[in-house]
Each structure stands twice: as structure tokens, then as C-alpha cells.
Amino acid sequence: MTRTVYLNGQWLPETEAKVSVFDRGFMFADAIYEVTAVIGGKLIDYAGHAGRLKRSLASLNIAAPVSDEDMLALHREILARNGMTDGLIYLQISRGAQDRDFLFTNDLIPTFVMFTQSRPVLGNPKWGKGISVITMLEGRWEQRQIKTVQLLYSSLAKMEAQKQGADDAFFVENGFITEASSSNAHIVTKAGTLVTRDLSNALLHGITRGSVLDLARRAGLTVEERGFTPAEAKDAAEVFITSATNFVMPVTRIDGQPVGDGKPGPVSQTLLQAYIEDRLASAI
Ligand code: PDD
């Protein structure tokens with residue numbers, strides 16, 4: 001089925017949407033993106049994603065291509081035009097097109113693309129089993145709080161994980177886990193404390209991370225925001241990742257070693273259910 005995608009103010013069949021070969025997103029990864037989950041035609045954690053989008057744009061001094069109201073209206077319209085009830089909305093904004101030069105001028109018109117990926121979001125079969133990860137040296141740039149499309153290192157990391165029979169990779173820098181290749185990493189210690197890396201430029205400030213931490217605190221869990229090592233993760237009672245695509249996904253194996261008893265633990269399962277209920281209730 002041909003999707004209808006959004007490109008710079010136009011709705012086009014996906015086969016007809018074309019971006020310039022001089023686009024700086026294409027040549028310099030000079031672009032930012034967001035991924036928002038959709039369930040039952042409603043946007044999950046939209047305010048968080050819309051807020052981070054603006055912060056990413058401001059960090060790179062790219063002008064927002066549309067107003068906040070129009071941004072929300074475009075999200076609704078792309079769902080309606082594609083008849084999508086469940087899946088993901090991907091949006092990307094690049095600085096724009098200009099003859100190739102490392103230096104750019106400040107008058108470029110951003111290239112704004114949106115498309116849908118229709119798929120079930122609830123009932124992920126991996127929630128019941130958990131995923132396996134390998135640890136790997138951090139190799140990304142040091143501005144990871146900006147959601148740029150510089151995803152080559154993460155893409156190669158996932159390929160390497162797949163080659164080693166695992167699902168994903170945890171990145172390690174100066175002995176501490178920064179995050180997973182496209183999600184935030186968390187552990188639950190044997191004492192029952194939820195530990196997650198504190199926010200800095202070392203990691204993306206995940207929207208799902210923020211919501212899940214709120215829910216954990218509301219449920220009375222002790223939450224510590226600090227770095228943790230691969231050894232602590234391997235010795236934890238539970239490990240899980242969070243993202244708009246996974247929500248709360250248990251990690252049941254690290255570098256081939258089972259985490260706890262090798263099965264998804266109660267804290268991750270409770271947080272997953274709480275996240276789904278709470279975010280569905282506030283979905284727009
Ligand atoms: N990735 N860390 C990284 C490096 C990410 O790429 C993502 C999201 C997250 C989680 O952020 P959030 O909870 O806001 O989705 C953390 C998206 C889903 C992706 O690239 O497809």
C-alpha cells in the first residue's frame with residue numbers, strides 16, 4: 001500500500017516525495033527527528049515529543065517549520081490520510097538544501113518530512129520474553145541529548161548485536177553505560193532501587209524514560225539517577241530499556257549472561273502496564 005507522506009507543506013504518495021541531493025540532512029546528517037507511538041488513533045506522550053523536537057531544533061539553530069498548533073494538526077492529518085490507528089509517526093527536519101559546503105548560511109528553508117509506519121504497538125511478543133543485549137564501546141558524538149539523524153554508529157551496533165545473536169547493544173563510556181543504541185537503559189538493584197543514568201549530553205533525554213520514572217516514583221519505588229556499570233547491570237535483579245517503540249522492554253541477557261533468573265521481572269512488568277494505562281489515558 002502506498003502511504004501518503006508529508007513533505008514541506010504537501011501531501012504526496014511516498015513514491016513521489018523527493019528531497020534535493022543537496023539537502024544537508026542527506027550530506028551532513030544536519031537534521032533532527034522524532035518518533036511518536038500511536039494507539040487507537042491517539043498520540044502517546046505527544047507533549048514530550050513535541051517539546052523535545054523544539055529543543056533539538058533550537059540546539060542546532062534550525063527554525064521550527066510550523067507552529068505548535070500546526071504541528072499537532074499535521075500529526076492528526078497524517079493519521080487520517082493514511083487511515084492509521086496503530087503504529088509510529090516519524091518526522092524529520094533538516095536545515096535545508098544548499099550547494100555542498102561545511103559552512104552553511106542562516107537563510108536555508110528547513111526540509112520537513114513526516115511518514116507513518118503502521119504496525120501493532122500493543123502486545124509486543126518480546127515483552128513476555130525480554131531481549132538480549134551486548135555491551136559495546138560508546139562511539140557516538142558527545143551531543144547525544146540532541147535527537148539528530150546521525151544514527152550510523154547505532155545502526156552498525158545493532159548489526160553487530162544481530163551478528164552475535166543478540167537484539168541490541170548497550171554503549172559503555174568510561175566504564176559506565178550511557179544508554180542502549182536507540183533506547184534508555186535502566187536497572188533494578190537486588191535491593192529494589194530503580195537506577196537510571198542521570199541526564200546530561202551523554203544520552204538522549206528519553207520521553208518514555210521521563211514518564212516511566214514519574215510512574216515509578218508514584219508507585220513508591222526508590223529512584224536513583226546516576227551512572228551504572230555493565231557489572232552492576234549484570235548483577236541486577238532486573239534490567240530494562242525504554243523508548244517510544246518499546247515502551248518498557250525487559251532485558252533478560254547481557255553479553256550472554258542471564259539477568260536474574262533470565263525472565264522478565266515484576267518491576268519491569270508493572271511499569272510496562274502502568275505506562276500503557278497511564279499514557280493511554282492521557283493520549284491525545
Ligand atoms: N529512539 N536513546 C536513544 C539513543 C534513542 O534513539 C531513543 C529513541 C531513546 C528513547 O527516547 P524516547 O523514549 O523519547 O523514544 C533513547 C527512537 C524510538 C528511534 O530512533 O526509533
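Note that ligands are numbered from 1 as they come in the structure, with each ligand's atoms numbered from 1 the same way. Here the structure is a predicted model, which is why all the values come from computation and not from measurement.
- The CG atom of Leu53 sits 4.5 Å away from the CD1 atom of Ile93 when rounded to the nearest 0.5 Å.
- Looking at Asn8, its side chain does come within 3.5 Å of a backbone N or O of Phe112 through a donor-acceptor pair.
- Every side chain to side chain donor-acceptor pair (under 3.5 Å) that Lys158 has, sequence neighbours left out, goes to Asp168, Ser181, Ser182.
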Present, as a list of atom pairs with distances to 0.1 Å, all nitrogen or oxygen contacts under 3.5 Å between ligand 1 and the protein.
{"unit_1": "ligand 1", "atom_1": "1 (N)", "unit_2": "Lys147", "atom_2": "NZ", "d": "3.3"}
{"unit_1": "ligand 1", "atom_1": "1 (N)", "unit_2": "Ser182", "atom_2": "O", "d": "3.2"}
{"unit_1": "ligand 1", "atom_1": "2 (N)", "unit_2": "Glu179", "atom_2": "OE1", "d": "2.6"}
{"unit_1": "ligand 1", "atom_1": "13 (O)", "unit_2": "Ile207", "atom_2": "N", "d": "3.3"}
{"unit_1": "ligand 1", "atom_1": "13 (O)", "unit_2": "Thr208", "atom_2": "N", "d": "3.0"}
{"unit_1": "ligand 1", "atom_1": "13 (O)", "unit_2": "Thr208", "atom_2": "OG1", "d": "2.6"}
{"unit_1": "ligand 1", "atom_1": "14 (O)", "unit_2": "Arg52", "atom_2": "NH1", "d": "2.8"}
{"unit_1": "ligand 1", "atom_1": "14 (O)", "unit_2": "Arg52", "atom_2": "NH2", "d": "2.9"}
{"unit_1": "ligand 1", "atom_1": "14 (O)", "unit_2": "Ile207", "atom_2": "N", "d": "2.8"}
{"unit_1": "ligand 1", "atom_1": "15 (O)", "unit_2": "Ala244", "atom_2": "N", "d": "2.8"}
{"unit_1": "ligand 1", "atom_1": "20 (O)", "unit_2": "Tyr33", "atom_2": "OH", "d": "2.6"}

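- In this view, Ser268 and Glu238 satisfy the side chain to side chain donor-acceptor pair (under 3.5 Å) rule, not counting sequence neighbours.
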For residues 195-206, which side-chain N or O atoms pair as donor and acceptor with protein atoms under 3.5 Å away, sequence neighbours left out?
{"unit_1": "Thr196", "atom_1": "OG1", "unit_2": "Ala185", "atom_2": "O", "d": "3.4"}
{"unit_1": "Thr196", "atom_1": "OG1", "unit_2": "His186", "atom_2": "ND1", "d": "2.7"}
{"unit_1": "Arg197", "atom_1": "NH1", "unit_2": "Ile177", "atom_2": "O", "d": "3.1"}
{"unit_1": "Ser200", "atom_1": "OG", "unit_2": "Ala202", "atom_2": "N", "d": "3.0"}
{"unit_1": "Asn201", "atom_1": "ND2", "unit_2": "Gln143", "atom_2": "OE1", "d": "3.4"}
{"unit_1": "His205", "atom_1": "NE2", "unit_2": "Ser200", "atom_2": "O", "d": "2.9"}

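- Put simply, the side chain of Ser282 gets close to the backbone of Asp278: a donor and an acceptor are under 3.5 Å apart.
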